[in-house]
Amino acid sequence: MTDSSPEIRDLSHAKDMIVCDGVNKWYGDFQALKDVTATVKEREVVVVLGPSGSGKSTWIRCINRLEVHQKGVIIVDGVELSSDVRNIEKIRSEVGMVFQQFNLFPHLTVMDNITLAPKWVRKMPRVEAEDKAMALLERVGIPEQADKFPGQMSGGQQQRVAIARALAMEPRIMLFDEPTSALDPEMIKEVLDVMIGLAESGMTMMVVTHEMGFAKEVADRIIFMEDGELVEVGTPEHFFTNPTEDRTKLFLSQIL
Amino acid sequence: MLGFIFSPDRRWEAPATNLRLLMTKAYPTEQYARIWFSLGTLLVLAGLSLAAWRAAPRTTYRKLAGKFTGYGAAVIVVGLLAPFSAGATLAYLAVGAVPLVGGLMTLRLLDNHDERDMSTLLVSVLVVAAGLVVLWTVPLGQHTFVKGTAYARPGTVALTTKLPLSVMLGVMVAAFYVGSFVRERFKSLKAALALLWLLSPFILTMIVLRDPAFDSAHLISTDIPIGLAFGIGGGLLLWLLTSAKAGEAGRAVSVLLLVAALASFLTPMRMVVRIDALMLAALALGAATFAGSLESRLRYIGGWIGVLAIVNWIITATNTPSTVFGMPTGTFFGGGLTLTLMLTSFTVIFAFPIGILMALARTSKMPIFRVMSTAYIEAIRGIPLITVFMFFAIMLPLLLPDGMSVAQVPSIVIGYTLFSAAYLAENVRGGLQSVNRGQHEAAEALGMSTAQKTLLITLPQALRVSIPPLVGQAIGTFKESSLVLIVGLFDLLFIARNVIPNTSDFLGTSRENLLVASVIYWIGSYSMSKASQRVERKVGLGER
Ligand SMILES: Nc1ncnc2c1ncn2[C@@H]1O[C@H](COP(=O)(O)OP(=O)(O)OP(=O)(O)O)[C@@H](O)[C@H]1O
Ligand SMILES: [Mg+2]
């Protein structure tokens, strides 16, 4: 894991994968995002921290347009998000998303969960899609579960299937919204290990999590959010050893 | 109740003699083979399906023995309670004693944890076979109608009853074994069976009601050219529309086609052409979803040609006068249980897709769809079924443009379909709402279009949840079809209540006949509800 530690990776010349510029979002009168401006580089792993209700989910959901922002610009892999349907579908198939509640399709087997989108969205032939799904299941460590239904698996296994399902679309970016928060402690590691492997393979990742160990070890940068604003951005070293903002210090003192 | 059933005043020969009337009304005796053929077809399908879906449940010897003991005891209780002559009581006691003693003995022999089991299907077949043996051997008396007069003769049941029934049982058992044999070798057996089930009401109705004397000159000069034109022209159009380049122009062409098809109903034109054009327009609108690989385009076009062939065949067959009965087109002379079953199956089959579409419209994001479907559903739910029947039987023919006519039964089916579809839509909507938001989001995050999300993710889950209310509704449709007596159709209930008790031989036997009709309704409803429970278990409802 040391070879992925932040010091060795120089991403300053990498291309911009996600650009957010002055993004604002309101739910009715309530402002959930306030002038969020940030850039994520190719191959970068960004961890988003913040107290409950600070807008972390809202932000990463705006990036694949599960939520619509009202003001500002979001550019994903060179394509600006707009209400054009073609645009949205293109971006969504480039951006994989993993949810806190897994959201596997309960009426389909693990194999069908993974191959469904490649077959229908990417129009991949069935045999090819299934070969690929098996390879992905090997990668997340559960090839023997292919014919089970989600309801017959543990939470950790389900979340790994969800990761494989997102990867089957060959995304260039992966978004994780608290992928381990719904898991029993003994299953958290198996999911984090898969995510670490993914980071090592060079995937661009944005991860909302409360796993400080993961943030310390894997993140290239940490973004701290509160009340819809980006409060502090920095390397894990900076963030955990000498944060500048008082709000960050308060948050860290509560959580560590 | 027992006193009523077994009272010597009861004339059970009334429903027995008039079984045919109850089943099919005045169906001509010399054509009865068609009814048996249709029933046989359904049983073959049933046998094949039981094998294909491995639906035959199993039961342990212990449970079976328990059941037999219970039935034996019930027969003995009936024998003791009912006001019989001593001889009859003894006969009942003897008949009841066999399963009772057999059951008890088996229970004694097996210990409490015996888990050996056998197929309940086999048990049912054996019981029915035993019943048939009784029909062949025991002199129950023969009830027949000869030229309008009822005769009761001693001897076993008439050959015209027991022979076909025995053949039917044999056919079904044979079909089951054939099904078990081919299910491993023939991969698309289930799909083929599903299609056959769906088509069977149409084809069987045709077989029961008419013998289309194909006017080959007309067939060659009109029907086949129209079919070919739509097949080839429509195929080409769909080929173009499913190409990746069709885009906006393609959509415009489809919408134009839809408008033209709808407008054709206002101009004088052959009905086939109108219907074909409407179907083509619908497929053209959906074409963009199937754009892509050569294979999927060809499959789409193949689907169009298949649907076209079936629909055109049905239209041709319906429009061709039947030669056998010498009746004008559209006259309906069937009735009884056959009519009840036809109304039910057609209504359920047609209402299903319409109801699903309306449920989707009602939950859609687009306001016009939502408003239209809500208005329709609420309007229909405010109208009693009787009113709908009356409207469609009496008013619809008057409102149609000149030159168009609909026979009574089809117009009743249309009305009943539109009525049930509204209720069905509400049941499906319940299911759609039970699919949680995470499922929508997961599908969207994978880049699925709204159509893909609906067809692959939300609808399958919604339908699974809706199985119990949907089956409940089908049972309701079956029973409530008896309201058609209000517009003068002779369904099962009407024949039992009004027709048989008014014939000179069986005056005043309405109570006997009504009881038999109730039992028939109960068997129908109960088997549907049993089947639903099995399907629910099979799709794992409640497991998650
Ligand atoms: N659909 C919605 N309608 C109205 N308000 C919403 C909606 N979704 C979120 N909010 C509000 O927006 C704010 C940010 O929510 P968000 O879910 O992004 O927080 P979060 O940082 O992900 O919190 P958590 O750690 O609890 O998941 C919260 O105050 C929440 O109440
Ligand atoms: Mg959240």
Side-chain angles (χ1 to χ4, degrees), chain A residues 57 60-61 63-67 85-109 112-126 128 149-153 158 161-162 165-171 173-177 182, chain B residues 187 242-248 251 286 288-300 365-366 431-432 434-467 535-536 538-544:
Chain A
S57 300
I60 73 167
R61 289 157 59 82
I63 290 169
N64 68 353
R65 218 174 167 82
L66 287 178
E67 301 282 355
V85 183
R86 303 262 148 197
N87 246 346
I88 297 170
E89 279 169 16
K90 178 173 182 326
I91 283 167
R92 281 183 179 154
S93 57
E94 303 255 304
V95 180
M97 174 117 186
V98 176
F99 302 86
Q100 181 176 356
Q101 299 297 342
F102 330 135
N103 294 346
L104 292 179
F105 306 129
H107 61 301
L108 299 176
T109 61
D112 290 336
N113 261 281
I114 300 176
T115 54
L116 192 72
K119 279 193 297 200
W120 289 88
V121 181
R122 289 245 189 274
K123 318 282 184 207
M124 192 186 277
R126 190 174 60 92
E128 193 187 330
F149 284 90
Q152 302 167 323
M153 305 171 79
Q158 289 190 51
V161 173
R165 176 177 72 178
L167 290 176
M169 291 295 284
E170 298 179 340
I173 301 168
M174 287 283 284
L175 307 176
F176 294 83
D177 190 358
Chain B
K187 258 190 163 172
T242 48
S243 90
K245 281 170 287 182
E248 286 307 312
R251 212 160 298 172
T289 325
F290 289 81
S293 71
L294 181 70
E295 198 188 335
S296 78
R297 288 169 79 181
L298 286 179
R299 218 181 304 139
Y300 200 57
K365 284 198 197 97
M366 298 204 223
L432 282 172
S434 77
V435 177
N436 72 34
R437 218 176 104 207
Q439 294 289 313
H440 292 263
E441 288 177 353
E444 281 164 20
L446 288 166
M448 292 189 195
S449 65
T450 310
Q452 289 169 339
K453 183 180 75 176
T454 308
L455 287 177
L456 300 170
I457 307 298
T458 38
L459 252 192
Q461 293 185 50
L463 290 180
R464 213 165 76 151
V465 184
S466 323
I467 292 173
V535 175
E536 277 164 46
K538 202 125 196 176
V539 299
L541 199 69
E543 259 172 38
R544 218 197 108 108

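We name chains A, B, ... by the order of the sequence lines, and we start the count at 1 in each one.
Across every non-hydrogen atom of Asn64(A) and Ala445(B), the tightest pair is ND2-CB, 3.8 Å. In terms of heavy atoms, Ala117(A) sits closest to Leu446(B) at CB-CB, 3.9 Å. Nearest heavy-atom pair, Pro460(B) versus His107(A), reported as atom, atom and distance to 0.1 Å: CB-CD2, 3.6 Å. Here the closest heavy-atom approach between residue Val121(A) and residue Gln452(B) is recorded as CG2-OE1, 3.8 Å.
Two residues are said to be in side-chain contact when any heavy atoms from C-beta on lie closer than 4.5 Å; Trp120(A) and Leu455(B) fail this criterion. Put simply, the side chain of Ile457(B) reaches to within 4.5 Å of the side chain of Leu116(A), judged on heavy atoms.
Under the side chain to side chain donor-acceptor pair (under 3.5 Å) criterion, Thr109(A) pairs with Asp112(A), not counting sequence neighbours. Residues satisfying the side-chain contact (heavy atoms from CB on, under 4.5 Å) criterion with Thr458(B), sequence neighbours excluded, are Leu432(B), Val435(B), His440(B), Thr454(B).
Note: Arg165(A) leads Arg165(A), Glu94(A), Arg65(A), Met97(A) in heavy-atom pairs under 4.5 Å with chain B. Interface summary for chain B: among Met169(A), Lys90(A), Gln101(A), Arg61(A), the most heavy-atom pairs under 4.5 angstrom belong to Arg61(A).
Proximity to chain B (any heavy atom under 4.5 Å) is restricted, for Phe99(A), to the side chain, taken from C-beta onward. Contacts between Gln100(A) and chain B at a heavy-atom distance below 4.5 Å are absent for every atom of the residue.
In this structure a side-chain-to-backbone donor-acceptor pair under 3.5 Å is missing from Glu444(B) to Glu89(A).
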